[in-house]
Amino acid sequence: MSERRRTDWGLRLIIGSVLLCLVLLFTWRGWLSNLDNLIYDSFIRQMDIPVLEDVVIVAIDPKSLSSLGRWPFPRSYHVDLLQALMQGQPAVIAMDINFAEPDLQHPDDDIRLVRAVRESGLVVLPVVLEQYSAEPGLRESLPMFALHQAAAALGHVDTELDADGIARSAFLMAGLDRPRWPALPLAMAQVGGGWPAAKPLPKSGQTPVYTKTVSGVWRRHHQVLVPFPSSSEDLAVVSYVDVVSGAVPESRFHNKYVLVGATASGLGDNIPTPISASGRPVAGVEFNAYVLNALLQNKLIVPASLNQQYLFNALLVVLMVLWYRPRGWGYVYGIPLLSFVVLGVAYLLLSRLQYWYPPGVMLLSIVLFFLIANGHQLRRLLQALFEERQLSQTALTAIGDAVVHLDEQGRIRKCNPMAEKLSGVEAGKAEGRPVDEVFRLTHNASGHRFSLREYLRHRQPLFDHILALKNARGEEYQVHMALSTVPGAEGGAQTSVMVLTDVSKEYALANAVTHRETHNILTDLPNQDLIVKHLESALHRAAKSHMQVAVIDFDIDHFSRINEVRGIDTGNQLLQAVAYKLHTLLGGQVEIGHIGADEFLLILEEGKIDRPIEEMVELVFTLFSRPLQVMGQEMRISLTLGVSIYPAHGDNPALLIGCAGTAMHRGKKEGGGRIAYYAAGMQDKASRLLEIESLLHQALESGGFEVFYQPLIQASSLKIIGVEALARLRDTNNLYVSPDEFIEVAERVGLIAEMGYQQLHRACAQLQQWRKLGFVLRLSYNFSPRQMGSIDLIERIRQILGDTGFDPRMLDFEVTENLLLSDDQLAETVLRQIQAMGIGLVIDDFGTGYSAMSYLTRFHFDRLKIDKSFVSNLDSSSGSRAITSAIITMAHDLEMEVVAEGVETAEQYELLLSQECDEVQGYFLGKPMPAQEIREYLFANKGYAPLAS
């Protein structure tokens, strides 16, 4: 081999070895990721990704906040929204709203929401990654258990920002300790049919590799890049309040993928994306909509794996080295062309095959080779990089939020113009300084200073709050702060990106709405909801300090007469004068509320007042001994005060307020103008009946009745062949009201029919679910005599059976002998109509009346139920045994089956079995149980009743 050729090969080996080492090092360390991101952003802006009409966002926007009030909305609104959406028959509904905790103030709203989600069968709910507040660590925030069970699917909403603070990718699977949750858009596509369950997920080479097995790690898999649309066409967005109010036609949602989430500033995430340079930062729900839009079109972009990058980058180096000639440099002018070829191929792979191959390292190898071949070409490349940097800076400038890049110690590295405006400090003077010196942030609730550096020191990765900001010029803002911490590679120094959004207007509006909702419009005193919260806090403090709290409920005697004689304006000004005097003289020591009409509520804490409670009560009473100035005239009034004391009269707000109100009404009955302390016995049976009536109305409105089920057992085999549905009602203390008690009230006030329809509907739906599990059961339903006169009785029964799909042949109506006494002709007509539908009829409590005997000869009943008063004496009374034996024999002769209720001992069961009784029911074989318990009972005993020991 000639000397020249040996020299050429020596140079090639040196150049190739150096370039190959550098290329592999840069690929491994990802040092050119920013360049790759800039190239990717440029390409994405050139691609024309269509926007599907199938994706619709229901936005919780400023218009919705202005119309519906402060966030979070009552969950009854979400129920109305779901009902409105389901009218349009959408493909799927995703609610990007965290329902992790129940609404303790409005539990009925939770029940309605769970029912609406379950009945729709199309609702996808989010899994949110949260940070423990007390110590470092992560947790998955799932919807509360009932919603979790009712939802069609769950999907995570984790969004990862790249090191430059821009979101480009999504992880199709993620989860704490193991990636078990699909992304919210993927869960929607699977529920809606846009991504069949059998269809594999895109293979991604950029999925993180977890080498540690420790718990508490948020693990992500199947990373894909999101192709954001760059055209003027954008996703379809409708306002939440327009949907709830019916302003949006139902057809708008037909077969659509509907996402519900916040877009108003300060409520949701404000995520910079590659299209943010066009002024389009997106909310979290919009980001998920873009992922869904790409997923439904199969246009998600798959990033190349590290091994693929190693291979192709090394191959390019080898090819360039083979082309190298140390003499004859004319060919080097083709090197810039090679850069464009690389970029062109990367663009084609991205736009045509949805495959992203980062060209940064390839370009680096070309540049290095270019420097060796012809150094004067460097200028062009530097100019291109400068232009890309300017493009990135343009994106940050166009964003209407303050973006601040921080190092590990919390010092400012870079910030955009909006950050200068909010802080009042120029970027050049802010860079390098601790962030807490430039941005003076405080907590709104406590007023305590918020230290971002302290927060970063504990390496807490997520932050999302509204804080108060006072800048260097003395200007004050309310800002929504979002913080994303990016760990350094291989344990290196972490950096953070802080985004501040000015939400001062929204915050002021929310405070105004909150004040309006929690204060009486006329007197500006706290209303009942707010004063109850104050009372809860006072009781909590009193329990810790072992002190007393007094509740005073008072109103103005003969106030209605004042309105009638002097007019409503005078009455209103009188209320304002009373409120002003209370606030002026007592406001520093006493919590004052205006809870309705002329009724006021005062809270006296023993630790806050300057005299004993009894003297303070006297002081309140004597405050109005002198006349008040109302409309330029003197007006004398008298008050009636009702007083209750914690802990003597109760330990919760409802009870104390009720006792004070009871005492006040007692004082009114005694002539008014006095102080009445609560005493035991004031609340008589009438109060109890009113309470039960109120509970009944609330339960009917919210579906709050519970249904228990007691097994019906085939005596010969102990097989569970049916259940009897029994209504249950809880009071405000979460205790069960006696059925005899609330059924009597329901019949008296005319609510028994509607209660029965709700009970029947729920029971039929429940038994249909058990049928799918393999348990085919007969349903026994107690038919009230008060339902007999209902004009729509038969139609309602048909509607319930149609809605639930329940077989009427598996349904029995239990009627009492008293029903047959009500009206012979009407009873017979209605019973025959019911039986014509295929529904069985059972005589309940047989043997306690006299009318049924005549009916047995001319009207066919399917079953006869022996009253438990005979069954309870079977093992001790021969007379009872003779009666039951006679009843069973007679019923069998009339081709009726016999059910014995109230079986509570083995002896009773054995006697009934020996008398050939068909079915038994009682605590010995199975007590009444809620649906979940009886489901477990069925599974545990494989459909048979165990004999008690």
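Note that this is a predicted model, so its numbers are computed, not measured.
Electrostatic pairing of E591 and K533 does not count as a salt bridge here, judged by no charged N lying under 4.0 Å from a carboxylate O.
Looking at L295 and M188, their side chains never come closer than 4.5 Å, going by heavy atoms from C-beta outward. Inter-residue side-chain proximity for M498 and L500 is flagged as met; some heavy-atom pair is nearer than 4.5 Å. Contact annotation: the side chain of L259 approaches that of L292 to within less than 4.5 Å [non-hydrogen atoms, C-beta and beyond]. I97 places a side-chain heavy atom less than 4.5 Å from the side chain of I60. In this structure, F705 and M755 have side chains that are in contact, with non-hydrogen atoms separated by less than 4.5 Å. Two residues are said to be in side-chain contact when any heavy atoms from C-beta on lie closer than 4.5 Å; D803 and H761 meet this criterion. L161 has its side chain within reach of I271: a pair of non-hydrogen atoms, C-beta onward, lies under 4.5 Å apart. Taking 4.5 Å as the limit, every side-chain heavy atom of V241 sits out of range of all side-chain heavy atoms of Y77.
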- [ ] Kindly indicate, with the supporting measurements, whether the criterion side chain to side chain contact (heavy atoms under 4.5 Å, CB included) is fulfilled by L172 and L300.
- [x] CA-CA 10 Å; L172 296 183; L300 288 173; 4.2 Å; yes
TODO: Start with the C-alpha distance between H697 and E693, add both sets of side-chain angles, then the distance that settles side chain to side chain contact (heavy atoms under 4.5 Å, CB included), and finish with yes or no.
DONE: CA-CA 6 Å; H697 282 289; E693 183 177 344; 3.8 Å; yes
- [ ] For side chain to side chain contact (heavy atoms under 4.5 Å, CB included), just list the numbers for V707 and Q766, CA-CA rounded to whole Å, side-chain angles, deciding distance to a tenth of an Å, and then say yes or no.
- [x] CA-CA 10 Å; V707 180; Q766 182 63 69; over 6 Å; no
- [ ] Take M173 and L186, measure what side chain to side chain contact (heavy atoms under 4.5 Å, CB included) needs, and give me the verdict at the end.
- [x] CA-CA 9 Å; M173 297 297 295; L186 176 58; 4.3 Å; yes
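For the atom pair CG (D502) and CG (L469), the distance works out to 9.0 Å, reported to the nearest 0.5 Å. How far CG of L525 is from OG1 of T518: 11.5 Å, rounded to the nearest 0.5 Å. The distance from atom CD of E476 to atom OG1 of T442, rounded to the nearest 0.5 Å, is 8.5 Å.
Using a distance-only test at 3.5 Å, with no hydrogens or angles considered, no donor-acceptor pair links the side chain of S67 to the main chain of S64. Of the possible donor and acceptor atoms, one in the side chain of T804 sits under 3.5 Å from a partner among the backbone N and O of I800. Between the N520 side chain and the T523 main chain, a donor and an acceptor come within less than 3.5 Å of each other. At least one donor-acceptor pair under 3.5 Å links the side chain of S245 to the backbone N or O of D242. Within the 3.5 Å criterion, the main-chain N or O of A725 finds a donor-acceptor partner in the side chain of Q759. At least one donor-acceptor pair closer than 3.5 Å links the side chain of N527 to the backbone N or O of L530. Formation of a donor-acceptor pair under 3.5 Å by the Q768 side chain with backbone atoms of G805 is found in this model. Side-chain atoms of N293 come within 3.5 Å of backbone atoms of L52 as a donor-acceptor pair (strictly under, hydrogens ignored). Put simply, the side chain of Y290 never gets that close to the backbone of P229: no donor and acceptor are under 3.5 Å apart. Listed for the E754 side chain is no donor-acceptor partner under 3.5 Å among the backbone atoms of L751.
Between F228 and F287, the ring-plane angle classifies as tilted under the 30° and 60° cut-offs. Taking the six-membered ring for Trp and thresholds of 30 and 60 degrees, F600 and H594 have nearly parallel ring planes, at less than 30 degrees apart.
Of all heavy-atom pairs between A152 and G121, the closest is CB-O, 3.4 Å. The heavy-atom pair separating I531 from P526 by the smallest distance is N-CB, 4.3 Å. Closest of all the heavy-atom pairs between M86 and S120 is SD-CB, 3.6 Å. The two atoms that bring H78 and M95 nearest to each other are CB-CE, 4.0 Å, heavy atoms only. In terms of heavy atoms, A402 sits closest to M418 at N-CG, 3.5 Å. For the residue pair P653 and V532, the shortest heavy atom distance occurs at CB-CG1, 4.0 Å.
For E101, the CD atom is loosely surrounded, since the number of other residues' heavy atoms within 6.0 Å does not exceed 12. Atom NE2 of H519 is surrounded by more than 12 heavy atoms from other residues, nucleotides or ligands within 6.0 Å.
Proximity of the aromatic rings of F171 and H156 is defined here by a centroid distance below 6.0 angstrom, and this criterion is not met. The six-membered or imidazole ring of F73 lies near that of Y240, with a centre-to-centre distance under 6.0 Å.
Under 3.5 Å, the side chains of N572 and Q576 contain no donor-acceptor pair of N or O atoms. Using a 3.5 Å distance cut-off with no hydrogens or angles, the side chains of T263 and D61 do not pair a donor with an acceptor. If you check the side chains of Q698 and S694, you find a donor sitting under 3.5 Å from an acceptor.
In terms of the side-chain contact (heavy atoms from CB on, under 4.5 Å) criterion, residue partners of N733 (sequence neighbours excluded) are, by chain and number, D731, L735.
With R75 as the partner, the salt bridge (Lys or Arg N to Asp or Glu O under 4.0 Å) test is satisfied by one option alone out of D110, D108, D80, D103: D110.
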